[in-house]
Structures are given as C-alpha cells and as structure tokens.
Amino acid sequence: MKIATWNVNSIKARIGNVLDWLKQAQPDVACLQELKTVDDAFPRDVIEELGYNVAVHGQKTYNGVAVLSKVPFDDVIIRLPGDGSDEQARYIEVVVTPAKQPVRIASIYLPNGNPVETEKYTYKLSWMDRLIDHAQHLLEYEEPLVLAGDYNVIPTPDDVHNPEGWSGDALFRPETWHKFRQLQSLGLTDAFRACDATPHRYTFWDYQGGAWQKDHGIRIDHLMLSPQAADRLKTCDIDQHVRAWERPSDHVPVWIELDV
DNA sequence: ATGCCGGGCGAAGCCCGA
C-alpha cells in the first residue's frame, strides 16, 4: 500500500499537477494540505474519476486538508481534539481497510508558528501538544497508524541547507524540536529517516531566490509511523522532480510503501 | 533577503506562507 503526503499550496491552482502526479505515482492514499478552499469548491469530480474516494476538511483562503483513497473510508474524523475553539482546518483522519487489516491515516497541517514572539508560536506549540495527546490515544489501538503531513518542523541540522540561517525560526527552535521528539518518544517513527540516512534531502524549496535551482531546501513534510506501521515499512522516498514542473507547489510529495 | 515568489481575494494592493 502506497501512502503519500503533499502540501499542494492551493488545490485550485494545482489541480493539473495533482492529477498528473496521481496518474504517474498511483498512490493508494494521498494526504493533501493547504487546499485554500472550502469543501464545496474542492475539485472532487476529477479526482473521483481517477478512482479515488475523497474526504475533505476545507477552509476559505487558508489551510484545508484532504485524504484521497482508492479503498473506501470506514470512518472520517475532522479536527484535532483538545480545543473546541480552534477553527483552523488542519486535521483529518480516516480509517481504511485494505485486504488484511485496518490502517488509520491522518493528513495534518501543523501551524508554521512564525513570528516566534507572537501568539502564532504559542498556537503552534499548543497544537503540537494536542497532537501528542491525540497520538498517544491512537497508539493505544496498536494498529498501523500513519500521521502524514506538513509538520513545519525541521527535525535536525541535516534537514536544512544552512542551519545557521534558520536559527531561531519557528521551524527550527529548541521548543519545536522538544515537542517533535516527544512525538517520537511515544513510539512514532520518521519514515524517511528509517529508510534513508542521506543528509540534505528536502521536501520544500522556497519560490524566492532560486532556492530550487540551488537546492536550498528544508525537510518538513513527514510520515510518522506507529510501531505496527513501521514494522511493515518497505520504502520511503521524495518525488522531488515534481518541484521542476510548471507552476509547482513549493512542497513536493513524500511517500511510503507499507506491506499491508 | 521581516518578502526576492506565489496564491487568495477581488479588482489594487495587502495578507500570508516558511
């Protein structure tokens, strides 16, 4: 089972690229982020025509997450628990059951958090606390679980071109690393690092300053796996060629192959 | 590079992203 995550930076602007990539990459499940549109405006029909079931949690202008799956959903949950006043569309979780057993998959868009001296960073940290609590709960099911998405976390200096330049940034701060390590300490595995120790492999390149051409990127899109998923992990890779397409997203797809 | 792109909104120029 191939499971991918991709921050598309507007599904309306990116639908051509998304359809081309779906046809080429043939993921069984695709977690999308930053749709920047409401549910009713999501281009559901053209995606369903490729054989996908669609679960969307959209929002006008900002955020928005979706899961596309060739296997129908058994269950769909929107919103991360822990703060009923949080209106931002950053979390959708589904359960699918391919041949053998259920697999729980979430598409997450973790807050950026900049600038750090504002409520944006406290929102990021509290959102991470909620994710830790929810992950702890989900891990109790002891089933294959994949928390995939744009984490807006650069895990280590090996995951950025110029660590010095990112010092103090919300994606690269001790408090952010601490929360990310808490997730890992619960038993969640960074799928890419479980497969590939190569430093300086990236999933995002800024539109500005020729960042893509110079390979000045960061690795911030992650698939975090429960032990039951990690045991079945076959491969993980980054579809970085998609960044060179016409009108690209600034992020590229990351995917895993699970033996389920 | 606290904004060089790029997208949304909405019809110019500001807000936002990472």
Quick one: label [X] by what it contacts on the DNA or RNA (base, sugar-phosphate, nothing), any heavy atom closer than 4.0 Å.
X	answer
A/Asp150	sugar-phosphate
A/Ile154	nothing
A/Asn63	nothing
A/Asn114	base
A/His251	sugar-phosphate
A/Tyr109	sugar-phosphate

What integer number of Å spans the [atom1] atoms of [N] and [M]?
N	M	atom1	result
B/dC15	B/dG10	P	15 Å
B/dT2	B/dG13	P	24 Å
B/dG17	B/dA12	P	25 Å

Phosphate OP1/OP2 of B/dG7: any A/Arg14 side-chain N/O under 4.0 Å: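 So the side-chain polar atoms of A/Arg14 do come within 4.0 Å of the phosphate oxygens OP1 or OP2 of B/dG7, strictly under.
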
May I ask you to verify if any side-chain N or O of A/Lys120 is less than 4.0 angstrom from the OP1 or OP2 atom of B/dG17?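 Looking at the OP1 and OP2 atoms of B/dG17, one of them is under 4.0 Å from a side-chain N or O of A/Lys120.
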
Atom-to-atom span, [atom1] of [X] to [atom2] of [N] - whole angstrom:
X	N	atom1	atom2	answer
A/His216	B/dC5	NE2	P	16 Å
A/Phe204	B/dC5	CZ	C1'	10 Å
A/Asp206	B/dT2	CG	C1'	13 Å
A/Leu32	B/dG7	CG	P	17 Å
A/Asn9	B/dC15	CG	C1'	14 Å
A/Lys60	B/dC16	NZ	C1'	15 Å
A/Gln59	B/dC15	CD	C1'	14 Å
A/Lys36	B/dG10	NZ	P	15 Å

ring-ring contact (aromatic ring centres under 6.0 Å, His included) between A/Trp255 and A/Trp6: does it pass, once the steps are laid out? CA-CA 9 Å; A/Trp255 56 270; A/Trp6 188 12; over 10 Å; no

Return the nearest nucleotide to the side chain of [X]; candidates are [options].
X	options	result
A/Gln208	B/dC16, B/dC9, B/dC5	B/dC5
A/Lys12	B/dC9, B/dG6, B/dC16	B/dC9
A/Tyr62	B/dG17, B/dC16, B/dG8	B/dC16

Hey, which of these two, A/Asp250 or A/Ala13, hits DNA chain B nearer its 5' end, going by closest nucleotide?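 So the residue in question is A/Ala13.
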
If you find the nucleotide of DNA chain B closest to A/Asn7 and the one closest to A/Thr61, which residue's nucleotide is nearer the 5' end?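 It is A/Thr61, whose closest nucleotide lies nearer the 5' terminus.
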
I'd like to know if the side chain of A/Ser249 pairs up with that of A/Asn9 as donor and acceptor (distance under 3.5 Å, no hydrogens or angles considered).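 A/Asn9 and A/Ser249 do not have a side-chain donor-acceptor pair below 3.5 Å.
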
Return yes if a side-chain donor-acceptor contact under 3.5 Å exists between A/Gln26 and A/Lys70, otherwise no.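 Yes, side-chain donor-acceptor contact under 3.5 Å.
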
Hey, mind stepping through A/Trp212 and A/Tyr207 against ring-ring contact (aromatic ring centres under 6.0 Å, His included) and telling me if it holds? CA-CA 7 Å; A/Trp212 164 246; A/Tyr207 289 120; over 10 Å; no

Residue pair A/Glu48 / A/Tyr52, side-chain heavy-atom distance below 4.5 Å: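 Heavy-atom side-chain distance check fails, nothing below 4.5 Å.
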
Taking the six-membered ring of A/Tyr202 as reference, does the NZ or CZ atom of A/Arg219 fall below 6.0 Å from its centre and within a 45° cone about the axis?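 No, a cation-pi geometry is absent between A/Arg219 and A/Tyr202.
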
